[in-house]
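Chain identifiers are assigned alphabetically (A, B, ...) following the order of the sequence lines, protein sequences preceding nucleic acid strands; residue numbering begins at 1 within each chain. Below, all heavy atoms of this structure are taken into account, side chains as well, without hydrogens, waters or symmetry copies.
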Protein chains: 2
Amino acid sequence: MDKSSSDLRVVKTRAAIQSHFLELLLQKNFNEITVIDIAKAANIGRGTFYLHYIDKFDLLEKVMEEGLSETVSHFQPETYFDNGRAIPDRMIHFVLSMFGHFRENERFFRAMLFNKGIPNFKSRMQQLFLSKFRREISSMVPMTSGVDPITMEILPVFISSGMIGLVEWWFRNNMRISEKDMARKIFQVMTRGPLQTLGFTIEEKNEH
Amino acid sequence: MDKSSSDLRVVKTRAAIQSHFLELLLQKNFNEITVIDIAKAANIGRGTFYLHYIDKFDLLEKVMEEGLSETVSHFQPETYFDNGRAIPDRMIHFVLSMFGHFRENERFFRAMLFNKGIPNFKSRMQQLFLSKFRREISSMVPMTSGVDPITMEILPVFISSGMIGLVEWWFRNNMRISEKDMARKIFQVMTRGPLQTLGFTIEEKNEH
DNA sequence: ATCGTTACTGAACACTGTGTTCAATAATTA
DNA sequence: TAATTATTGAACACAGTGTTCAGTAACGAT
């Protein structure tokens with residue numbers, strides 16, 4: 001049923017397809033890429049493509065999946081909080097290693113983030129961040145037991161979404177900011193909040 | 001060259017196309033929608049479609065553009081800051097009216113945010129938020145003149161991206177949180193920051 | 001109400017890309 | 001080396017595209 005992926009030929013063909021597909025994605029809109037293009041670029045017969053993937057959407061799906069699950073494996077579960085205290089070093093270290101991973105897989109992330117025809121990628125990446133932050137936050141129940149449930153839902157959404165935006169921005173600016181600086185800035189915003197980071201004093205109001 | 005859009009027939013056809021297109025987007029993947037589908041749904045000849053749009057991508061583009069520029073018109077330029085003080089009421093009011101607009105145009109935003117074949121929409125929406133926040137933040141130069149430039153760039157990115165995530169989340173949860181509550185929560189996170197909102201005390205470190 | 005204009009219809013057209021099939025060939029494993 | 005299996009390349013029917021054109025219907029202006 002499944003092609004024995006230990007066969008050298010299979011490995012080669014799939015690698016060729018995926019690699020040239022990424023290359024094409026960096027050059028033109030996913031909508032405009034045909035199976036013919038892919039086969040031509042990868043130097044394989046068009047029929048061969050269909051021996052491995054259902055269609056180009058399937059290929060995209062597989063490539064995405066693979067790249068993202070590799071990314072996930074860099075989410076080692078650490079404890080960033082210690083009874084409401086602590087944080088800084090471990091948190092910064094986490095963000096640092098994330099951005100390292102992004103830099104190492106620049107081709108993949110550029111293709112996925114910036115190709116105009118690819119839907120969904122940011123959503124799926126956000127999903128990863130989201131479940132990471134959700135796990136993180138809900139694991140500190142003793143600390144956050146007083147916080148209202150809506151806030152508990154909203155925060156990881158806001159954070160994960162904001163993080164994706166930052167990653168995208170970082171790539172768009174050709175990664176000119178060092179991973180270390182990114183980590184520091186993010187830590188700062190997380191702890192002091194956007195407005196205080198900008199130097200504003202907040203006029204307190206009755207909460208809740 | 002351009003069809004006189006005062007002609008009733010033109011107005012009718014375009015309205016029919018756009019409306020049924022939205023309907024189709026709510027039902028199935030953009031990739032799977034054909035011009036044939038659209039023409040059939042809108043009860044027009046297939047050729048007629050091409051008298052108004054180049055192809056389905058062009059149609060999507062126009063619909064997006066229209067919806068987004070209407071959204072933009074709700075971004076009245078207000079001053080939320082008064083010499084580093086102030087904020088609360090006006091800011092909350094702004095977010096409040098935004099979410100009101102989202103609720104009123106639910107069909108449009110649902111189609112654009114959740115259809116799996118549509119790329120780009122979130123990016124473009126974020127672009128809107130981004131330029132809004134950039135304008136806002138850079139207009140308070142006296143206040144923020146001490147803030148380092150990287151932070152000045154990163155913050156609006158983080159905020160706008162986070163906001164998009166919240167909007168998406170809000171729709172996905174069938175808008176069960178009132179606009180007022182959303183506005184309050186967002187204000188809270190903006191001012192106190194994610195971690196303080198969760199009740200954490202931050203162990204200070206040397207900044208910069 | 002009539003007339004001139006213009007949008008719509010529907011069928012036909014060539015064309016591009018899809019996904020499948022099949023016998024022949026090449027590469028791989030054991 | 002033999003047996004297996006992946007790849008090739010050509011052919012096939014098919015779906016959808018984008019354009020054309022003569023005929024018809026709807027519109028705006030007077």
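- Each of B:R46 and B:V11 lies near DNA chain C, and the nucleotide nearest B:V11 is the one positioned closer to the 5' end.
- Shortest non-hydrogen contact noted between B:N173 and A:E153 is OD1-OE1, 4.4 Å.
- The ring pair (Phe, Tyr, Trp, His ring centres under 6.0 Å) analysis of residues 45-66 of chain A, with sequence neighbours excluded, yields the pairs A:F30-A:F57, A:F49-A:Y53.
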Applying ring pair (Phe, Tyr, Trp, His ring centres under 6.0 Å), run through B:F158 and A:F158 and close with a yes or a no. CA-CA 9 Å; B:F158 185 77; A:F158 186 77; 5.6 Å; yes
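- Atoms CZ (B:F49) and P (C:dA11) sit 20 Å apart, rounded to a whole Å.
- Here A:D181 does not pair with A:K185 in a salt bridge; the nearest charged N to carboxylate O distance is not below 4.0 Å.
- Taking the centre of each ring, A:F129 and A:F75 come in below the 6.0 Å mark.
- The stretch residues 50-62 of chain A touches DNA chain C through A:Y50, A:D55, each having a heavy atom under 4.0 angstrom from the strand.
- No side-chain heavy atom of A:M112 sits less than 4.5 Å from a side-chain heavy atom of A:L68.
- Across its full length, the helix from C:dA1-D:dT30 to C:dA30-D:dT1 shows an angle of 50° between the axes of its 5 terminal pairs at either end, rounded to 10 degrees.
- Between A:H20 and A:L24, the closest side-chain pair of non-hydrogen atoms is not below 4.5 Å.
- Ionic pairing of A:E179 and A:R184 is not present here: no N-O contact between side-chain nitrogen and carboxylate oxygen is shorter than 4.0 angstrom.
- Side-chain contact check for B:K122 and B:S161: no donor-acceptor pair (N or O, by modelled atom type) lies under 3.5 Å.
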Base contacts versus sugar-phosphate-only contacts with protein, heavy atoms under 4.0 Å: please encode nucleotides 24-30 of chain C as B, S and - from 5' to 3'. --BBSS-
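- Within residues 18-41 of chain A, no residue has a heavy atom under 4.0 Å from DNA chain D.
- Ring-plane geometry between B:F133 and B:F94 is classed as perpendicular, the angle between the planes exceeding 60 degrees on a 0 to 90 degree scale with a lower cut at 30.
- The aromatic rings of A:F121 and A:F108 sit perpendicular to each other, their planes meeting at more than 60°, with 30° as the lower class boundary.
- In the set C:dA7, C:dG19, D:dT17, C:dA7 carries the atom at the smallest distance from any side-chain atom of B:V10.
- Sorted by first and then second residue, the pairs that involve residues 29-40 of chain A and meet salt bridge (charged side-chain N to carboxylate O under 4.0 Å, His left out), not counting sequence neighbours, are A:K28-A:D37.
- You'll find the side chain of B:V63 stays beyond 4.5 Å of the side chain of B:E66, heavy atoms only.
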